[in-house]
Amino acid sequence: MSASMKQCEAAILFGFNTHEHGSNLPELVQLFLDGKYEDILELSEILRTKSDSENNSKSIGNFIKHNVEIFISQEQENLELRHLSVLILGASCLQLFVQNNWLGPPTSKQPLEFFHEYFHDKTVDIEKESLQEMSVDGETSYPGAKFLIYLYLAKVILLECRSFFSLNQTWDWWLARCLLIQQGLLSERCPTLKATVMELLDDLSKREPLMIDDLNRDIQILFHIEAGHACHTYYEYKKAAHHFATGKKIAEIDVSLTGAMGKRTHFQEEDKAQLVLHVEKRSVNDKETHNFKGSSILPKNLLLDDDTVLNSIKFADDTVTETANISPLEQALIIGLMESYRRSMAQDRLTEEEVLTYISYILSNVSSWNVSLVALNLRSRLERDSRRRVERSMMQLEELVKIAGAPNSSPDISCRIPLFYACTVPPVWKVQGELAALLLSLGCIGDALNVYEKLEMWENVISCYQRLGKRERAETVIRERLAIQETPSLLCFLGDVTRDLQHYQRAWEISNHKSARAMRCMGYVYFQEQKFEKAVECFATSLKINSLQIPVWFTYGCAAMACQKFEDGAKAFKRCVNIDFDNFEAWSNLATCYARLKQIKKAYATLQDALKCNYESWKLWENSLIIGTDCGAFEDVIRSYHRLLDLRDKWIDNEVLSILTRAVLEKIPDVDGRPADRLRGKLMELFGRITSKVTSEGDIWANYAKLSSAKIGDKDPELEKALQYLQKSHRCLTQKLDWEKDIGVCQKVAYQAIDLAQLHMQCSEGKSQPEVLQLLSAAKLMLNGALVKIQKQHTDPITKVLLTEAVEMCQKMEQRRDEIICKIDVIRNG
């Protein structure tokens, strides 16, 4: 570990400026900084002193709490050092758990070897106690975690003994780290842990002098990085962005994506524009501690061995990759900024390219073990779907698993642990799970199945057996595990295989009604069986136990909508988007609930939030168009229609266009109370765009004609254009096969023909005699053609009497025709 990082870690242990202490660190602190965590446990009298108290013999947690209380009350001398030694003990237990499950190399001693001999033969009971105590809000801990006792001990010391150490400035920092590690063992985010962690971080951010003193600059940057990742864990993306921005401000660095010319392949002849990350340090002060060097030993970064794609972009100008010397702490900050940027953007291919640009920059400058782990893992995930990079992705994941699991491998934990909590390093079993998922995507189902069974990832095991067509084998495997020990999780997995509700009910009972999973699984079964009332009941119970289950909130909302319980649906979807702002489907459903509750303006505002999350969804734009029309947001509706044309090219919604036309012609006030006639120009532009793509819709041409023929404000009617548009509308109607057989269509044709004849007469005014005759003759022929077809179709062949439904329209057509004929005769005889 570098000198600067030792100062950081020492400061987090001491809780004050380590410059005052120089190199005169207490022995326990030095052991901790050197990664000698087991030596610290060996020296601890808290673990080895056995009380005669009967209460303490029942639980190792009570044993620790009792001994801590005795230890700090023995004497008042060196009280600060005694407090520090307890903190170091708790932090060492946490580090040992991290070492064995995240970073390696694994330790060989069993945790209970450091305790009084009374506990040496109670491993099974204490492991059971640890597993039970690590469960929160109905979510059980991952059973495959190694030496879970270490995490349990860390939590007992840091949380349950916290009241004894209220004066220690950084105790809460270690507690927050411990709780976040515990969260990493759970399948769902837990509101209890979230509330505690957020409260701790908020309190820590105000601590003086730790977060105020300029001498603690690196400590402050480290805190904001860790706080940012914690906020990401609990979907607090705005708070996370604020923490990372604050860290960037303190570090005085600028990070931006820019472009440069370069080549991606061996055979590329011309340079093309490529993304590149530019990092600039605004000031460099030799007295500052952040210019330290990191470890020279790093995880192996495998090269891309491809005959076409280059290992990295070859830029035309080599200087674009030159950068300021960035410290490991700043590298961790850049990773955090990348995560913040990634979560703020829609997940598409462009964003992946941008993230890979961040990763390429980090890997070319990396000097931190954990920053390197995160970058390599994320690159492997992103390359999994690339045909030319999938092999490296798999080999890189295998390498990451190997270096974490190899005993006595180099480097030791003191070189691996720095900045661990500032990086979102996945635990070993998750990296192995990602490797299995990659094997599954390549069709290696058997190999993936072996990995999942070893990791006890039963949900994935079930999925593999289903793909192999061996569902009954999955049931057998889970029943074999249940024969060893019956747990709520295993019973839920058995229910997933058999779809038998009694297994979920049994899981609910043996969990003492605390298994959120059992209730949500029953809810999903009822939902699939369309028993929505029962599904709503189960989901509500599950969410009462754990309110951070995003998928459950979503499905709960859908079930409530299916039951016509739109208030419950709105509540569910609102909670869903509060947790995950980017869930556009939840926003859309929330808008639907508001619309069904007749809260149209609220529905429309909600849809605008949905569009921020997914600007490319035509269904969202369609909903926005319809609801915007209902609430009178006419200008926005026109914009929405343009966007739909961008996305769907020949989008048609005659009803919306008719409402917009009527709103403009009748000067209907919009949502802000302004008359809609001001939008005539924008609506005309929209009609122009639509009719350039769609020429066969009579209603569109008819509305276009109405707009053109009306005098709005100081804009005179454009009768010639209106005539052209209405003629096109009439042709669209009369060119349809057998239109005359439908009396409704006949009425539409008849009255449009009358309007069209009127336009012919209006356009003839002021024109020369030949032009007038031409226009009037065209109108006469058009009217006569429609009239003859209607009369022929709707006249009784025996009585020769016109049907009642057709009488009125035919009379009006005849009147208009006769009027035109008279005009023609007058002109000719004049």
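Not measured: the values here are computed from a predicted model. Heavy-atom basis, side chains included; hydrogens, waters and symmetry copies ignored. By convention here, the first residue in the shown sequence is residue 1.
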Participant: Less than 4.0 angstrom from a charged side-chain N to a carboxylate O is my criterion; do Arg816 and Glu819 meet it?
Facilitator: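 Yes, Arg816 and Glu819 are salt-bridged.
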Participant: Please test Ser624 against Gln608 for side-chain hydrogen bond (donor to acceptor under 3.5 Å, both in side chains), starting from the C-alpha separation and ending with a verdict.
Facilitator: CA-CA 7 Å; Ser624 178; Gln608 305 318 297; 3.3 Å; yes
Participant: Sort out for me which residue in Glu188, Arg517, Arg520 forms a side-chain hydrogen bond (donor to acceptor under 3.5 Å, both in side chains) with Gln549.
Facilitator: Arg520
Participant: Let me see the working for Gln747 and Gln752 under side-chain hydrogen bond (donor to acceptor under 3.5 Å, both in side chains), right down to the final yes or no.
Facilitator: CA-CA 8 Å; Gln747 288 178 339; Gln752 189 182 78; over 6 Å; no
Participant: Is the closest side-chain heavy-atom distance between Arg467 and Leu440 below 4.5 Å?
Facilitator: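 When only atoms from C-beta onward are counted, Leu440 and Arg467 do touch, with a gap below 4.5 Å.
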Participant: Evaluate the side chain to side chain contact (heavy atoms under 4.5 Å, CB included) criterion for residues Asp609 and Phe584: first the C-alpha distance (whole Å), next the side-chain angles of each, then the deciding distance (0.1 Å), finally the verdict.
Facilitator: CA-CA 8 Å; Asp609 286 322; Phe584 75 92; over 6 Å; no
Participant: Less than 4.0 Å between a side-chain N and a carboxylate O, is that true for Asp825 and Arg828?
Facilitator: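 No, no charged N to carboxylate O under 4.0 Å.
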Participant: Is it true that, when you exclude Glu655 itself, more than 12 heavy atoms of the residues, nucleotides or ligands shown sit nearer than 6.0 Å to its CD?
Facilitator: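 Open: at most 12 neighbouring heavy atoms sit under 6.0 Å from CD of Glu655.
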Participant: Given Leu723 and Leu775, is the side chain to side chain contact (heavy atoms under 4.5 Å, CB included) satisfied, shown in steps?
Facilitator: CA-CA 10 Å; Leu723 178 61; Leu775 284 166; 4.0 Å; yes
Participant: Between Trp651 and Trp621, is the ring centre distance below 6.0 Å?
Facilitator: no
Participant: Could you tell me whether the side chain of Arg674 reaches within less than 4.5 Å of the side chain of Phe634, counting heavy atoms only?
Facilitator: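 When only atoms from C-beta onward are counted, Arg674 and Phe634 do not touch, as no gap falls below 4.5 Å.
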Participant: Short question: side chain of Trp618, backbone of Leu644 - any donor-acceptor pair under 3.5 Å?
Facilitator: no
Participant: Does this structure show an ion pair linking Lys728 with Glu697, if we count only N-O contacts that are shorter than 4.0 Å?
Facilitator: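 Here Lys728 does not pair with Glu697 in a salt bridge, since their nearest N and O are not under 4.0 Å apart.
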Participant: Would you check if the side chain of Ser729 reaches a backbone N or O of Gly698 as a donor-acceptor pair within less than 3.5 Å?
Facilitator: yes
Participant: Return yes when atom CD of Glu567 has more than 12 non-hydrogen atoms of other residues, nucleotides or ligands closer than 6.0 Å, and no otherwise.
Facilitator: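 Count not over threshold, so no.
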Participant: Does the pair Arg575 and Ser547 meet the rule for a side-chain hydrogen bond (donor to acceptor under 3.5 Å, both in side chains), with working shown?
Facilitator: CA-CA 9 Å; Arg575 189 61 183 268; Ser547 59; 3.1 Å; yes
Participant: Would Phe532 and Phe527 count as a ring pair (Phe, Tyr, Trp, His ring centres under 6.0 Å) here? Give the steps.
Facilitator: CA-CA 6 Å; Phe532 299 117; Phe527 187 82; 5.5 Å; yes
Participant: Determine, step by step, whether Tyr604 and Asp636 satisfy the side-chain hydrogen bond (donor to acceptor under 3.5 Å, both in side chains) criterion, reporting the C-alpha distance in whole Å, the side-chain angles of both residues, the deciding distance to 0.1 Å, and the verdict.
Facilitator: CA-CA 10 Å; Tyr604 184 68; Asp636 287 345; 3.1 Å; yes
Participant: Heavy atoms, side chains only, cut-off 4.5 Å: are Lys531 and Glu537 in contact?
Facilitator: no
Participant: Does Glu616 pair with Arg643 as a salt bridge, N-O distance under 4.0 Å?
Facilitator: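 Looking at Arg643 together with Glu616, the answer is yes, because their closest N to O distance falls below 4.0 Å.
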Participant: Please report the interatomic distance CG(Leu494) to CD1(Ile462), rounded to the nearest 0.5 Å.
Facilitator: 8.0 Å
Participant: Decide salt bridge (charged side-chain N to carboxylate O under 4.0 Å, His left out) for Lys812 and Glu808; before the verdict, give the C-alpha distance in whole Å, the side-chain angles of both, and the deciding distance to 0.1 Å.
Facilitator: CA-CA 6 Å; Lys812 288 184 178 181; Glu808 185 179 352; 3.4 Å; yes
Participant: Counting distance only, does the side-chain N/O of Trp701 pair as donor-acceptor with the main-chain N or O of Thr695 below 3.5 Å?
Facilitator: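 Side chain of Trp701 to backbone of Thr695, a donor-acceptor pair under 3.5 Å: yes, one is there.
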Participant: Supply the atom-to-atom distance Glu472 CD to Tyr465 OH, rounded to the nearest 0.5 angstrom.
Facilitator: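 Reported to 0.5 Å precision, the distance equals 10.0 Å.
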Participant: Rounded to the nearest 0.5 Å, how far does CD of Gln762 lie from CD of Gln758?
Facilitator: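 Those atoms lie 5.0 Å apart.
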Participant: Side chains of Asp670 and Glu635: closer than 4.5 Å at any heavy-atom pair?
Facilitator: no
Participant: Does a salt bridge link Asp742 with Lys748, judged by any charged N lying under 4.0 Å from a carboxylate O?
Facilitator: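 Looking at Lys748 together with Asp742, the answer is no, because their closest N to O distance does not fall below 4.0 Å.
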Participant: Would you say Glu459 has more than 12 foreign heavy atoms packed within less than 6.0 Å of its CD?
Facilitator: no
Participant: Would you please indicate yes or no on a ring centroid separation below 6.0 angstrom for Phe573 and Phe554?
Facilitator: yes
Participant: Does a side-chain N-to-carboxylate-O contact under 4.0 Å join Arg343 and Glu236?
Facilitator: no
Participant: Mind telling me whether Tyr704 and Tyr725 have parallel, tilted or perpendicular rings, with 30° and 60° as the class edges?
Facilitator: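 Plane angle under 30°, so parallel.
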Participant: For the pair Asn546 (side chain) and Arg189 (backbone), establish whether a donor and an acceptor sit closer than 3.5 Å, ignoring hydrogens and angles.
Facilitator: yes
Participant: Taking Ser692 for the side chain and Arg689 for the main chain, is one N or O donor matched with an acceptor at less than 3.5 Å?
Facilitator: yes
Participant: Quick one: does Lys619's side chain get under 4.5 Å of Asn614's, heavy atoms only?
Facilitator: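 Counting from C-beta outward, Lys619 and Asn614 never come under 4.5 Å.
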Participant: Do any N or O atoms from the side chain of Thr691 and from the backbone of Gly688 form a donor-acceptor pair under 3.5 angstrom?
Facilitator: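 Indeed, once roles are kept as given, a pair shorter than 3.5 Å links the two residues.
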Participant: Once rounded to the nearest 0.5 Å, what's the spacing between atom CG of Leu759 and atom CD of Gln727?
Facilitator: 9.0 Å
Participant: Please report the interatomic distance CD1(Ile600) to OG1(Thr629), rounded to the nearest 0.5 Å.
Facilitator: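 Reported value, rounded in 0.5 Å steps: 11.0 Å.
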Participant: Do the side chains of His642 and Lys682 get nearer than 4.5 Å, heavy atoms only?
Facilitator: no
Participant: Please evaluate residues Leu686 and Leu657 with respect to the criterion side chain to side chain contact (heavy atoms under 4.5 Å, CB included), reporting the C-alpha separation (whole Å), side-chain torsions for both, the decisive distance (0.1 Å), and the verdict.
Facilitator: CA-CA 10 Å; Leu686 175 61; Leu657 291 173; 4.1 Å; yes
Participant: Distance only, no hydrogens: is a donor on one side chain within 3.5 Å (strictly under) of an acceptor on the other, for Tyr504 and Asp496?
Facilitator: yes
Participant: Counting only heavy atoms not in Lys470, do more than 12 sit closer than 6.0 Å to its NZ atom?
Facilitator: no
Participant: Before you tell me yes or no, could you show the steps for Lys780 and Glu814 under salt bridge (charged side-chain N to carboxylate O under 4.0 Å, His left out), namely the whole-Å CA-CA distance, both residues' side-chain angles and the distance that decides it to 0.1 Å?
Facilitator: CA-CA 10 Å; Lys780 183 189 75 171; Glu814 287 172 345; over 6 Å; no
Participant: Please determine if Lys741 and Asp738 form a salt bridge, counting it only when a charged side-chain N lies under 4.0 Å from a carboxylate O.
Facilitator: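 Counted as a salt bridge, because a side-chain N and a carboxylate O are separated by less than 4.0 Å.
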Participant: Could you tell me whether the side chain of Leu756 reaches within less than 4.5 Å of the side chain of Leu783, counting heavy atoms only?
Facilitator: no
Participant: Does Ile550 offer a backbone N or O that forms a donor-acceptor pair with the side chain of Tyr235 under 3.5 Å?
Facilitator: no
Participant: Are any non-hydrogen side-chain atoms of Lys534 and Met522 less than 4.5 angstrom apart?
Facilitator: no
Participant: Taking atom CZ of Arg471 as the centre, report whether more than 12 heavy atoms of other residues, nucleotides or ligands fall under 6.0 Å from it.
Facilitator: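 Yes, CZ of Arg471 has more than 12 neighbouring heavy atoms, counting only those of other groups under 6.0 Å.
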Participant: More than 12 foreign heavy atoms under 6.0 Å from NZ of Lys711: is that the case here?
Facilitator: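 More than 12 within 6.0 Å, yes.
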Participant: Measure the spacing between CD1 of Ile790 and CG of Leu802 and express it to the nearest 0.5 Å.
Facilitator: 9.5 Å
Participant: Taking all non-hydrogen atoms of both residues, which atom of Met519 and which atom of Ser542 are closest, and how far apart?
Facilitator: CB-CB, 3.7 Å
Participant: Do side-chain atoms of Asp649 reach the backbone of Leu645 as a donor and acceptor pair under 3.5 angstrom?
Facilitator: no
Participant: Would one find more than 12 heavy atoms of other residues, nucleotides or ligands at under 6.0 Å from atom CD of Glu529?
Facilitator: yes
